[in-house]
Amino acid sequence: MADGKAKKGGSKPDLASLLGVVVGIGGIVGGMLLEKGELRHLYQVSAAIIVLGGTFGAVMITTPMNVLMRAIKHAMLVFFDNSQSPAGTIEEIIEYATQARKQGIVSLEQAASNVADPFLKKALNLAVDGIEMSQIRSIMELDLSLVEHEGEAEAKVYEAAGGYAPTIGIIGAVIGLIHVMQNLADIEAVGKGIAGAFVATIYGVASANLFFLPACSKLRSRFQATIQMRELMLEGVLSIVEGLNPKLIRTKLDAYLAEQHGGGKKAAAARGGAGQPVSAEG
């Protein structure tokens with residue numbers, strides 16, 4: 001019998017994100033070098049301070065502090081994937097279903113107390129307490145809805161940053177041009193100053209399109225995967241409460257594996273039409 005611990009995939013690097021940053025920056029730098037440019041021309045601490053500081057300040061004004069802190073905390077999810085394994089979770093649920101079928105659902109009380117995943121633990125405890133299926137679904141779908149809204153709020157932090165950064169970059173360029181115009185006597189210095197002034201624009205556009213906006217999309221996909229995993233857990237627990245044969249439960253939950261690997265439609269049909277499906281975030 002399972003030890004009640006949620007089976008997780010572990011935190012592993014997201015090669016797509018890591019390689020994406022390398023390829024994106026490498027393409028820009030490589031193109032510049034092919035045009036006989038010099039990297040030192042792109043190195044301006046003042047421009048970085050203007051763009052990053054201004055963008056962060058604008059985001060702070062836009063976003064409630066608790067949401068901002070969560071978004072910063074989850075920034076690593078852009079480069080690391082710590083999602084659970086659907087296959088492992090299905091196996092765990094099948095073991096619970098087998099025990100419940102042989103010994104009754106109340107026998108899962110000890111196993112439920114040892115489950116690591118808080119969503120699955122809560123669902124199993126509700127089932128052990130004899131709560132009706134419709135009430136379990138209603139309670140757990142409320143939790144799903146909260147996860148969806150929190151995830152969307154965090155993704156929008158990076159979306160907002162991606163919108164502000166290019167504009168702040170333009171502000172930095174204008175500040176640089178103002179400084180240049182105050183020293184028109186030295187024509188050579190004016191040319192270098194104008195070139196340097198536009199570095200802030202590069203920082204703003206590059207940070208928006210190489211990190212902030214992609215991070216927004218990646219976080220949305222991460223939370224979508226979390227919601228889908230919890231839908232799988234909920235379907236499994238409801239199937240146990242319904243008393244379905246473990247083999248039938250496996251067939252039902254395998255639809256989530258097919259979606260994960262094949263990119264098909266949401267496995268809402270696996271719910272057998274009971275209750276209202278929870279809409280997942282984008």
Side-chain angles (χ1 to χ4, degrees), residues 11-63 68 71-82 151-152 154-183 186-225 263 282:
S11 180
K12 54 186 179 293
D14 186 324
L15 295 181
S17 294
L18 295 172
L19 289 177
V21 171
V22 173
V23 171
I25 295 177
I28 294 173
V29 172
M32 179 181 178
L33 294 177
L34 287 175
E35 292 296 325
K36 309 301 182 182
E38 297 182 23
L39 291 179
R40 62 186 178 86
H41 293 155
L42 292 179
Y43 179 72
Q44 285 196 22
V45 176
S46 58
I49 292 175
I50 290 173
V51 173
L52 297 180
T55 299
F56 190 68
V59 171
M60 289 180 68
I61 296 172
T62 304
T63 310
L68 179 61
I72 294 174
K73 178 181 178 181
H74 289 152
M76 293 305 295
L77 291 179
V78 176
F79 300 104
F80 293 90
D81 182 8
N82 60 0
E152 180 64 17
E154 293 175 27
K156 283 184 176 179
V157 171
Y158 293 93
E159 186 175 48
Y164 294 133
T167 304
I168 302 298
I170 294 174
I171 293 175
V174 172
I175 292 174
L177 290 174
I178 291 174
H179 178 71
V180 168
M181 294 304 175
Q182 293 174 343
N183 300 276
D186 188 345
I187 299 301
E188 183 179 353
V190 168
K192 293 181 179 179
I194 291 176
F198 287 102
V199 172
T201 303
I202 295 175
Y203 283 4
V205 175
S207 63
N209 291 280
L210 290 180
F211 179 70
F212 293 131
L213 295 178
C216 168
S217 297
K218 182 57 67 81
L219 284 178
R220 281 185 172 137
S221 70
R222 291 279 191 256
F223 284 109
Q224 167 66 28

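Closest non-hydrogen pair, Y158 versus A75, comes out as OH-CB, 3.2 Å. The minimum heavy-atom distance between C216 and A155, with the atom names listed, is SG-O, 3.4 Å. Nearest heavy atoms, A47 versus V199: CB-CG1, 4.3 Å. Across all non-hydrogen atoms, the minimal contact from V51 to A200 is CG2-O, 3.4 Å. Considering all non-hydrogen atoms of both residues, T63 and V157 come closest at CG2-CG2, 3.6 Å. Taking each heavy atom of S207 and A165 in turn, the nearest pair found is OG-CB, 3.6 Å.
Considering only residues two or more places apart in sequence or on other chains, T167 meets the side chain to side chain donor-acceptor pair (under 3.5 Å) condition with none of them. Qualifying side chain to side chain contact (heavy atoms under 4.5 Å, CB included) partners for L18, counting only residues two or more places apart in sequence or in other chains: P13, F79. S17 pairs by the side chain to side chain donor-acceptor pair (under 3.5 Å) definition with K218, not counting sequence neighbours. Evaluation of the side chain to side chain donor-acceptor pair (under 3.5 Å) rule for Y203 yields no partner, not counting sequence neighbours. Under the rule for a side chain to side chain contact (heavy atoms under 4.5 Å, CB included), the partners of A161 that lie at least two apart in sequence or sit in another chain are T55, V59, F212. By the side chain to side chain contact (heavy atoms under 4.5 Å, CB included) test, L33 is found to be paired with V29, L39, residues two or more places apart in sequence or in another chain being considered.
Rounding to the nearest 0.5 angstrom, the gap separating the CD1 atom in I171 from the OH atom in Y164 is 11.5 Å. For the atom pair CE (M32) and CD1 (I28), the distance works out to 11.0 Å, reported to the nearest 0.5 Å. Interatomic distance, F56 CZ to I72 CD1, rounded to the nearest 0.5 Å: 4.5 Å. With rounding to the nearest 0.5 Å, the separation of CZ in F223 from NE2 in H74 is 5.5 Å. Within the model, atoms CD1 of I202 and CG of L42 stand 5.5 Å from one another, a figure rounded to the nearest 0.5 Å.
E159 and R220 are joined by a salt bridge, as a carboxylate oxygen and a charged side-chain nitrogen come within less than 4.0 angstrom of each other.
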Stepwise side chain to side chain contact (heavy atoms under 4.5 Å, CB included) test for L219 and V78: CA-CA 6 Å; L219 284 178; V78 176; 4.2 Å; yes
Check against side chain to side chain contact (heavy atoms under 4.5 Å, CB included), N82 and L77: CA-CA 8 Å; N82 60 0; L77 291 179; 3.5 Å; yes
